[in-house]
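See below for the structure under consideration.
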Protein chains: 2
Amino acid sequence: MAPTRLRDVAERAGVSIRTVSNVVNGYAQVSDETRQRVEQAVAELGYHPNLLARNLKRGRTGLIALVVPELDVPYFSELARAVVAKARLHGYTVVIDQTDGEPDRERELIMRGASAALFDGVILSPLALSQADLARRDAAGPLVLLGERIAASPYDHVAIDNVAAASAATEHLLALGRTRIAAVGDQPYDTGETAQLRTRGYREAHAARGLRVDDSLIVSTHKFHRSDGAAAMADLLDHPGGPPDAVFCYNDLLALGAIRTLLTRGVRIPDDVAVVGFDDIEAGRYNTPTLTTISPDKTMIAQLAVDRLVSRLDGRSPGEPGELWAPYSLEIRESTGG
Amino acid sequence: MAPTRLRDVAERAGVSIRTVSNVVNGYAQVSDETRQRVEQAVAELGYHPNLLARNLKRGRTGLIALVVPELDVPYFSELARAVVAKARLHGYTVVIDQTDGEPDRERELIMRGASAALFDGVILSPLALSQADLARRDAAGPLVLLGERIAASPYDHVAIDNVAAASAATEHLLALGRTRIAAVGDQPYDTGETAQLRTRGYREAHAARGLRVDDSLIVSTHKFHRSDGAAAMADLLDHPGGPPDAVFCYNDLLALGAIRTLLTRGVRIPDDVAVVGFDDIEAGRYNTPTLTTISPDKTMIAQLAVDRLVSRLDGRSPGEPGELWAPYSLEIRESTGG
DNA sequence: CTGAAAGCGCTTACAG
DNA sequence: CTGAAAGCGCTTACAG
């Protein structure tokens with residue numbers, strides 16, 4: 001079946017295509033009688049506008065890209081869900097691209113490459129993007145970054161206060177009387193900004209109580225998966241200075257992996273070791289023990305990012321690019337005795 | 001910066017736009033010298049083709065839709081990841097749409113509606129689609145269904161053998177000597193086909209051993225979330241005939257919810273109650289106890305679906321629409337003593 | 001091997 | 001309020 005075009009509708013209704021276009025787009029200047037004739041023709045022919053043609057003419061695609069490291073990491077799929085829903089309200093369709101944390105894929109997706117040319121704008125949760133990458137960006141559309149601002153880049157970004165949140169998580173453990181608190185998930189290289197901010201929060205909480213940090217309790221992990229947390233915890237249990245009595249993991253997946261190791265080794269939670277995570281994914285709420293965690297407001301993050309992107313796309317001027325802060329809370333559950 | 005067009009490149013290189021198009025698309029009939037001039041102009045201007053215009057002309061969009069009930073359900077996000085990756089290899093971009101299991105959204109996405117008009121083809125994991133819905137479909141592009149075939153519909157579908165898999169899961173529990181095996185996740189209404197097939201497998205496993213099923217041990221759930229599994233398990237523990245000694249849950253999320261309830265109530269797993277799930281999501285591999293489950297080959301499912309869709313899109317004739325079967329396996333873990 | 005031209009289906013000044 | 005026409009940026013028969 002050859003698709004119906006504006007022209008077919010126009011012929012059937014006995015009007016010009018201009019008039020059909022007016023009716024379809026809901027512009028007011030059409031007489032009631034003409035409108036009805038057109039609407040009937042549209043219904044009879046089952047006409048739907050060709051979005052490609054419309055957008056070619058309008059100079060937009062109606063597509064925005066959401067770029068995340070891994071779609072099947074719960075934090076990102078929960079976030080993606082919220083972004084897709086929010087963008088829909090504004091009439092935009094979201095294409096989700098996963099980079100597997102490969103720097104090349106991330107760069108490609110913000111540049112005016114074959115794929116980027118398809119999108120009006122991009123929301124990116126970067127893992128390995130440097131300031132230089134951003135400076136080199138040559139694509140036309142707006143870009144909103146999720147997570148910590150990459151220093152001095154001229155782009156909007158949406159984040160929670162990672163230092164304060166990590167500090168709150170650590171202080172919670174300190175207030176419980178724990179004295180050897182490990183930190184799992186540090187990434188002490190140039191693209192590990194978010195992890196480094198959490199480490200800073202961890203240090204600040206200690207400093208606020210006049211305590212010094214045992215650096216050997218800060219453990220780096222390559223990724224933020226359950227397996228990384230499980231491996232890191234195994235190492236910590238064999239720590240020469242004895243195992244820690246608490247662990248602050250930089251995301252819930254790490255924490256769930258760590259818990260698995262603890263339980264396997266017969267360590268009691270929270271009695272012997274208390275555990276705190278970060279992200280508040282559903283898995284942590286049903287784990288045994290349930291997981292104490294920092295809960296970023298993902299709905300708010302999605303909303304701030306989409307609203308900002310769309311207002312730039314629609315030519316409204318939301319002002320200079322800058323930081324947008326989303327709230328978070330500490331959810332106390334069984335893994336710390338809650 | 002106004003985008004460069006084919007025309008700009010043609011002017012700079014001193015050739016016609018036809019020639020630039022030939023070079024850009026890699027068609028052979030261009031002299032080496034001309035090609036070089038064009039390539040240099042492309043590089044200097046940073047030209048990238050306008051995909052909208054190209055696809056308008058070619059009569060395709062390059063977009064395929066993946067429609068799932070909920071993006072943040074691990075089975076779907078793991079599947080989505082595989083589909084996105086596979087489609088990329090064929091040059092297609094995937095748009096993921098979530099329906100929240102709303103029948104209207106599912107219907108809209110397979111019909112020639114505003115959104116569907118944007119896609120060359122659709123891969124749909126239906127939850128509430130009826131045969132009538134499919135019969136009414138008027139969109140042009142191919143559709144591949146994930147999961148059980150909706151009776152006699154003229155579409156391709158990719159599935160595992162749910163009856164056999166459910167039977168294998170149940171038989172595993174029977175072989176362990178369990179005698180009161182509950183089934184959690186039945187959906188005895190017209191759109192719950194997959195659930196019903198699993199119930200059939202559950203019954204067949206019993207029948208094969210000459211055992212009769214206690215129908216009161218078959219529990220329906222509205223959704224397949226952890227909370228549904230937790231609630232169902234709570235009910236089963238208060239079963240008038242006494243609690244079951246095993247539970248077969250129709251997905252891992254239900255099983256993880258059920259396990260949470262069991263542990264909260266002090267029931268030992270698998271000693272008192274053994275648990276089997278379905279889907280093999282990562283959460284089950286790190287849970288304590290680790291979860292015995294049916295593991296569908298998700299990579300294969302994604303590959304079969306994408307390959308079939310793309311071969312129809314590209315005009316190859318893969319034959320009559322029909323079933324494509326993906327393999328599965330039973331993964332025995334701690335929740336059944338493995 | 002390359003050019004001039006039509007047309008994909010739409011939107012939108014320009015007239016009337 | 002409505003029509004005839006140009007043009008978004010591309011691809012591709014048709015000529016040469």
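Per chain, numbering begins at 1; letters A, B, ... match sequence-line order.
A side chain to side chain contact (heavy atoms under 4.5 Å, CB included) with B:Glu106 is found for exactly one of B:Thr99, B:Asp100, B:Asp133, namely B:Thr99. Across B:Val20, B:Asn22, B:Val9, a single residue satisfies side chain to side chain contact (heavy atoms under 4.5 Å, CB included) together with B:Val15, and that is B:Val20.
Defined by atom type and a distance below 3.5 Å, a donor-acceptor pair is missing between the side-chain atoms of B:Arg54 and B:Asn50.
Between the CG atom of B:Asp32 and the C1' atom of C:dC1 there is a distance of 12 Å, rounded to whole Å. Going from atom CZ of B:Arg54 over to atom C1' of C:dG9 covers 19 Å, rounded to whole Å. Between A:Arg35 atom CZ and D:dC1 atom P the separation is 9 Å, expressed in whole Å. When rounded to the nearest whole Å, the span between CD1 of A:Ile17 and C1' of C:dT11 equals 9 Å. Whole-Å rounding puts the B:Arg58 CZ to D:dG9 P distance at 17 Å. The nearest whole Å value for the distance from the CZ atom in B:Arg60 to the P atom in C:dG9 is 16 Å. Across the protein-nucleic acid pair, A:Asn22 atom CG and C:dG9 atom P stand 20 Å apart, rounded to whole Å. Distance CG (B:Leu6) to P (C:dA5): 17 Å, rounded to an integer number of Å.
With distances taken from any side-chain atom of B:Ala53 to the nucleotides D:dT2, D:dT12, D:dG9, the minimum falls on D:dG9. Among the nucleotides C:dG3, C:dC10, C:dT2, the one closest to any side-chain atom of B:Thr34 is C:dT2. Of the candidates C:dG9, D:dC10, C:dT12, C:dG9 carries the atom nearest the A:Leu56 side chain, counting heavy atoms from C-beta on. Taking only side-chain atoms of B:Tyr47, from C-beta outward, the nucleotide of D:dT11, C:dC10, D:dC10 with the closest atom is D:dC10. Between D:dT2, D:dC10, D:dT11, one nucleotide has an atom nearer to the side chain of B:Arg5 than all others, and that is D:dC10. With D:dT12, C:dG3, C:dC1 as the choices, the nucleotide that has an atom nearest any side-chain atom of B:Ser31 turns out to be C:dC1.
Within the 4.0 angstrom heavy-atom criterion, only backbone atoms of the sugar-phosphate kind lie near A:Thr19; the bases stay farther away. Within the 4.0 angstrom heavy-atom criterion, no nucleotide atom of any strand lies near A:Asn55. In this structure, B:Leu52 reaches neither bases nor backbone, as no heavy-atom distance under 4.0 Å exists between it and the strands shown.
For C:dT11, one of the phosphate oxygens OP1 or OP2 lies less than 4.0 angstrom from a side-chain nitrogen or oxygen of A:Asn25.
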Inset, instruction - Determine which bases of DNA chain C form Watson-Crick or G-U wobble pairs with both distances under 3.5 Å, and write the result as a 5' to 3' dot-bracket string with | for other-strand partners. - result: |||.||||||||.|||
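Counting heavy atoms of neighbouring residues, nucleotides and ligands inside a 6.0 Å radius, atom CD of B:Glu44 exceeds 12 of them. Around atom CD of B:Glu11, more than 12 heavy atoms belonging to other residues, nucleotides or ligands sit under 6.0 Å away.
For A:Arg7 and B:Val15, each mapped to the nucleotide of DNA chain C holding its nearest heavy atom, the one lying further toward the 5' end belongs to B:Val15.
With hydrogens and angles disregarded, a donor-acceptor distance shorter than 3.5 Å links the side chain of A:Asp120 to the backbone of A:Gly62. Between the side chain of A:Asp72 and the backbone N or O of B:Glu78 there is no donor-acceptor pair closer than 3.5 Å.
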Dump every N/O contact between nucleotides 13-16 of chain D and the protein below 3.5 Å, one line per pair.
unit_1, atom_1, unit_2, atom_2, d
D:dA13, N6, B:Arg18, NH1, 2.8

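To the nearest 0.5 angstrom, A:Arg37 atom CZ is 7.5 Å from A:Ser31 atom OG.
Residues B:Ala87 and B:Val94 come closest through the heavy atom pair CB-CG2, 3.4 Å.
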Please tabulate, for the side chains in residues 300-310 of chain A, all donor-acceptor contacts under 3.5 angstrom to protein atoms that are two or more places apart in sequence or on a different chain.
unit_1, atom_1, unit_2, atom_2, d
A:Asp307, OD1, A:His90, NE2, 3.0
A:Arg308, NH1, A:Asp156, OD1, 2.6

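A donor and an acceptor atom never sit less than 3.5 Å apart when one is taken from the side chain of A:Lys57 and the other from the base of C:dG9.
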